[in-house]
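Working notes, structure below.
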Amino acid sequence: PVRLRASCYRIGMSEKIIMLGDAGSPAMPVPPALAEPSGLLADALGRPLHDLRISVTDRCNFRCVYCMPKTVFGRDYEFLDRSDLLSFEEIARVARAFVANGVEKIRLTGGEPLLRKEIERLVAMLAEIDGLDLTLTTNGALLPQKAQALRDAGQARVTVSLDSLDNAVFQAMNDVAFPVAKVLEG
């Protein structure tokens, strides 16, 4: 059996690989042949996949201690070059392919998706896909400026990740002293 890696990310110029298991645990088998395409996506247990998350950027304006701590993602951290991100047209094409194969809900995420320039244009493109439940998850910092444009583009649902209503706790969690009241304005 072949071991598969679960995740890979860069810290500076080095690569960090997180394995699915260590040498003492059973390896995940790789099937000798793939099943014929059914038109629907399924996981390894045959359960249909209906939800898809699309990360539109690796950047974020918060440095939450559990997600993007300053100790790793400081001023010198090399984020992806903007030219390495999928274009909105490429994201829309991928989204249409997934919807054609059974995906019903797409959640736009990041980093912080509202940092992606002209995100409203992508929302408008995805909102045109018949039968798609389009959602977006945000830290809410930019919602006061972006909410109306997102709504006008067809964004009907937004999830705001809010660690605490207590301002001191919220600022400690986001580690950039962003006040919870500003998020609630959105």
Side-chain angles (χ1 to χ4, degrees), residues 3-25 27-28 43-44 49 51-88 90-91 94-95 98 103 105-123 126 133-147 149-150 155 157-186:
R3 283 208 185 273
L4 302 175
R5 61 184 180 186
S7 180
C8 177
Y9 61 91
R10 282 187 314 139
I11 297 178
M13 297 307 290
S14 64
E15 186 177 86
K16 172 73 174 173
I17 298 173
I18 300 171
M19 298 301 287
L20 289 174
D22 61 27
S25 65
M28 179 180 284
D43 67 11
L49 299 177
D51 296 9
L52 175 67
R53 288 177 171 255
I54 298 177
S55 177
V56 298
T57 183
D58 60 336
R59 297 165 194 268
C60 189
N61 48 350
F62 285 4
R63 287 297 173 264
C64 297
V65 295
Y66 57 84
C67 183
M68 293 185 81
K70 286 180 181 175
T71 55
V72 175
F73 299 93
R75 292 185 187 269
D76 296 331
Y77 183 79
E78 292 183 37
F79 288 95
L80 289 173
D81 189 82
R82 295 191 197 288
S83 65
D84 290 333
L85 298 176
L86 291 177
S87 69
F88 290 158
E90 290 169 324
I91 292 171
V94 167
F98 274 96
V103 165
K105 179 171 83 174
I106 292 179
R107 179 176 302 277
L108 299 178
T109 66
E112 171 50 44
L114 299 186
L115 288 176
R116 181 79 185 254
K117 189 176 180 179
E118 297 181 357
I119 188 70
E120 304 84 1
R121 194 165 63 84
L122 174 62
V123 167
L126 297 177
D133 178 9
L134 180 62
T135 75
L136 181 142
T137 297
T138 176
N139 61 31
L142 297 173
L143 268 180
Q145 299 96 318
K146 295 278 197 173
L150 289 167
Q155 187 68 59
R157 283 199 310 141
V158 172
T159 300
V160 177
S161 297
L162 188 61
D163 291 315
S164 177
L165 291 173
D166 180 283
N167 192 55
V169 172
F170 183 73
Q171 288 183 337
M173 294 295 287
N174 69 53
D175 206 17
V176 293
F178 195 87
V180 72
K182 290 282 193 185
V183 173
L184 296 175
E185 285 176 14

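Lys105 places a side-chain heavy atom less than 4.5 Å from the side chain of Arg157. Between Tyr77 and Met68, every side-chain heavy-atom pair lies at or beyond the 4.5 Å cut-off. Between Leu143 and Val183 the shortest side-chain heavy-atom distance does not fall below 4.5 Å. With a 4.5 Å cut-off on side-chain heavy atoms, Phe178 and Asn61 do not count as touching. Taking the side chain as every heavy atom from C-beta outward, Asp163 and Asn174 never approach each other to under 4.5 Å. Contact of the Ser161 side chain with the Thr137 side chain is registered, since non-hydrogen atoms from C-beta on lie closer than 4.5 Å. Contact check for Phe62 versus Met173: no side-chain heavy atoms found under the 4.5 Å cut-off.
Here the closest non-hydrogen pair linking Pro113 and Gly111 is CD-O, 3.5 Å. Across Glu185 and Pro144, no two heavy atoms sit closer than the pair CB-CG, 3.9 Å. Nearest approach of Val176 to Lys70, heavy atoms of both residues: CG1-CE, 4.4 Å. Of all heavy-atom pairs between Val169 and Asp166, the closest is N-OD1, 2.9 Å. Of all the heavy atoms in Leu134 and Val123, the pair that sits closest is CD2-O, 3.9 Å.
Taking the six-membered ring where the residue is Trp, Phe79 and Phe73 present parallel rings, their angle staying beneath 30° rather than reaching 60°.
Under a 3.5 Å cut-off, the side chain of Gln145 and the backbone N or O of Ala147 do not form any donor-acceptor pair. For the pair Asn167 (side chain) and Val180 (backbone), a donor-acceptor distance under 3.5 Å is present. The closest donor-acceptor contact from the side chain of Arg59 to the backbone of Leu80 lies under 3.5 Å. Under a 3.5 Å cut-off, the side chain of Glu112 and the backbone N or O of Asn139 do form a donor-acceptor pair.
Under 3.5 Å, the side chains of Arg107 and Thr159 contain a donor-acceptor pair of N or O atoms. At a cut-off of 3.5 Å, with distance as the only test, a side-chain donor of Ser83 or Asp81 sits close to an acceptor on the other residue.
The residue from Ile106, Leu85, Leu86 that alone fulfils the side-chain contact (heavy atoms from CB on, under 4.5 Å) condition with Ile91 is Leu86.
Thr135 OG1 to Leu108 CG: the interatomic distance, rounded to the nearest 0.5 Å, is 7.0 Å. Leu142 CG to Arg116 CZ: the interatomic distance, rounded to the nearest 0.5 Å, is 15.0 Å. Atom CG in Asp133 sits 8.0 Å away from atom CG in Asp51 (nearest 0.5 Å). Taking NZ of Lys146 as the start and CG of Leu114 as the end, the distance is 6.5 Å to the nearest 0.5 Å. Atom-to-atom distance recorded for Thr57:OG1 and Leu115:CG is 6.5 Å, nearest 0.5 angstrom. Glu120 CD to Leu122 CG: the interatomic distance, rounded to the nearest 0.5 Å, is 10.0 Å.
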